[in-house]
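The structure appears right after this line, and notes come after that.
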Amino acid sequence: MGVKLKDLSNPRKTSFENLSGNKIAIDGFNIIYQFLTTIRGPTGEPLRNSKGKITSHLTGLFYRNINLLNNNIEPIYVLDGKPPQLKSTLIKKRKETREKNQEKYRKAIEDGDQEQARRYSHSMIRINEDIINDVKKVLELLGIQYVQAPAEGEATAAYMNDIGMVDYTVSQDYDSLLFGAKRLCRNLTVSGKRRIPRTNRFIDVEPEIIELKEFLRLNEINREQLVDIAILIGTDYNPNGFTRIGPKTAIKHIKKYKKIEDIPNMEKELELINIDEVRNMFLNPEVSKPDFIQKKEIQKEKLISYLCDENDFSIDRISNMIKKLDKVEEEKSESLDKWFN
DNA sequence: CGTTAACA
DNA sequence: TGTTAACGG
C-alpha cells in the first residue's frame, strides 16, 4: 500500500517525451498489480487466453514497454524478493481483508450483482509464481532487463537510482523516496484519462516527478525526519501508524520536535513498535547491487509466438506494434547517419 | 491500461 | 480531427 505522502509532495509534470534517453527502475510488483486489477473485460473478469490463464499483465506489459522503447526510455524492472519479517503484520492484515472481499465477491456473483462483483473482483487476483514467470518471459523476449531484489524491490530500485545506475524509480507508491531514491516518477502511463473508482467521472492523469532533494527542501526536513513522518502516518512496517496522526500533524510535529521521541505524550504509542528497527528498514535496507545492465535485442518471432500462439493475442495488433518499433529504430539510425555525414 | 472503432 | 465508448484475451 505504501506511505501516504501525497499531501506533502511537490510533483512536477513530465511526459514520455521528456523522459527520452533516460533509464528507469520500475517497481515490478507495483506495475503488475496495476495491470492485473485494471485491465478487465466488461464483466470485471481479467483477460484470459483460451486455456483460461490470466493475460491482463501480458497485455499491459507489452503495450507499456513498446511505448517506453518508442520514446527511447530504457526500463529495468525490479522484482520483489523475500518480504522482510517486519512486514508480516501487514501481510496478515491484507490476507484477512482479501478473504473478506473474496467472500463478498462470491456473494455478489450468487446474487448476480455485477457492480458489487466488479468492485471486489480484484481481491481474487494474486501475484503468484506463474504470473512472475510470465512477466520474466515477456521481458526477456522484449530484450528488457530485470533484476531480482533480495527483499523490497523499491529499496533496490532506490539504491540503483542513488548510485546513478538509473535516472528515476517508477512506482505509484512513495516508499522509494524513503529508501533514498533521488527521483520518483509516478503515473508513467500513456493514456491521460483515468476513471475515479465507482464513479463516471474522469480525471487527467499525467506522469509526474518527485525529486527527493526538492521534497526535503520544501518541507525543511532531512531524510531521517521524512522517515519519522512516514512512521507517524503509517508504513508497511507499522501499518496503523500513530493514532490520530495524518500527514499534516506528522510534519508539524517533526518540524517542531525533530524526532518522534521528542514529541510530547508519545510514550504509549512508542511502546507498540520498535522504532529504530522500522527506521532502519528505510535508512539501511537490504539491497543488492545489480551487475552492469545493458538492454538486449527484442526477439520478434519468439515474442509473436508467445503472445499470439500461446496466449491468443491478435497477430495483427502485435505485429503492428512491433512494426511501429521498427519504424522508430529506423528513424533513429537515419538521424544518426546524418550526424556522421 | 492502452488500442481501436465509432461518431460528430 | 478530436473526443468517447467498447474491446482486447
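We name chains A, B, ... by the order of the sequence lines, and we start the count at 1 in each one.
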Discussion item. Which residues pass the side chain to side chain contact (heavy atoms under 4.5 Å, CB included) test with Q116(A), not counting sequence neighbours?
Written reply: A108(A), D113(A), R119(A), Y120(A)
Item to complete: Send over the distance from K51(A) NZ to dG9(C) P, rounded to a whole Å.
Response: 14 Å
Worksheet item: How would you list all residue pairs meeting ring-ring contact (aromatic ring centres under 6.0 Å, His included) that involve residues 134-176 of chain A, not counting sequence neighbours?
Response: none
Worksheet item: Are K255(A) and E220(A) close enough, and set up right, to give a salt bridge (Lys or Arg N to Asp or Glu O under 4.0 Å), and what steps lead you there?
Response: CA-CA 8 Å; K255(A) 271 184 154 172; E220(A) 298 174 300; 3.6 Å; yes
Worksheet item: Taking CG from N49(A) and P from dG9(C), how many angstroms apart are they, rounded to a whole number?
Response: 11 Å
Discussion item. Tell me every residue that passes side chain to side chain contact (heavy atoms under 4.5 Å, CB included) with R98(A), counting only those two or more places apart in sequence or in another chain.
Written reply: K95(A), Q102(A), S123(A), R126(A)
Worksheet item: Among pairs that include at least one residue of residues 55-72 of chain A, which meet salt bridge (charged side-chain N to carboxylate O under 4.0 Å, His left out), considering only residues two or more places apart or in two chains?
Response: none
Item to complete: For S314(A), check side chain to side chain contact (heavy atoms under 4.5 Å, CB included) against everything at least two apart and list the hits.
Response: D316(A), R317(A)
Worksheet item: How many Å lie between NE2 on H122(A) and P on dC1(B), as a whole number?
Response: 14 Å
Item to complete: Starting from C1' on dG9(C), measure out to OH on Y306(A) and report it in whole angstrom.
Response: 13 Å
Fill in: With sequence neighbours excluded, residues passing side chain to side chain donor-acceptor pair (under 3.5 Å) with D276(A)
R279(A)
Fill in: Partners meeting side chain to side chain contact (heavy atoms under 4.5 Å, CB included) with K107(A) (sequence neighbours left out)
D111(A)
Short heteroatom pairs, N/O only, protein and nucleotides 3-5 of chain B, under 3.5 Å:
unit_1, atom_1, unit_2, atom_2, d
dT3(B), OP1, N67(A), ND2, 3.2

Worksheet item: Residues from residues 23-44 of chain A sitting under 4.0 Å of DNA chain C, heavy atoms only?
Response: I39(A), R40(A)
Practice prompt. Classify the nucleic acid contact of S314(A) as base, sugar-phosphate or nothing, counting any heavy atom under 4.0 Å across all strands shown.
Written response: sugar-phosphate
Worksheet item: What is the distance from CD of E45(A) to P of dC7(C), rounded to the nearest Å?
Response: 17 Å
Taking only distance into account, with no hydrogens and no angle test, what donor-acceptor pairs under 3.5 Å do side-chain atoms of residues 281-305 of chain A form with protein atoms, sequence neighbours excluded?
unit_1, atom_1, unit_2, atom_2, d
K300(A), NZ, D326(A), OD1, 2.8
S305(A), OG, D309(A), OD2, 3.4

Fill in: Spacing of D316(A) atom CG relative to dC7(C) atom P, expressed in whole Å
18 Å
Item to complete: Would you mind reading off the distance between N71(A) atom CG and dG2(B) atom P, rounded to a whole angstrom?
Response: 12 Å
Worksheet entry | Main-chain N/O of A181(A) paired with D162(A) side-chain donor or acceptor, under 3.5 Å | no
Short heteroatom pairs, N/O only, protein and nucleotides 2-5 of chain C, under 3.5 Å:
none

Fill in: Listed once per pair and sorted, the salt bridge (charged side-chain N to carboxylate O under 4.0 Å, His left out) pairs that draw on residues 148-157 of chain A, sequence neighbours left out
K87(A)-E152(A)
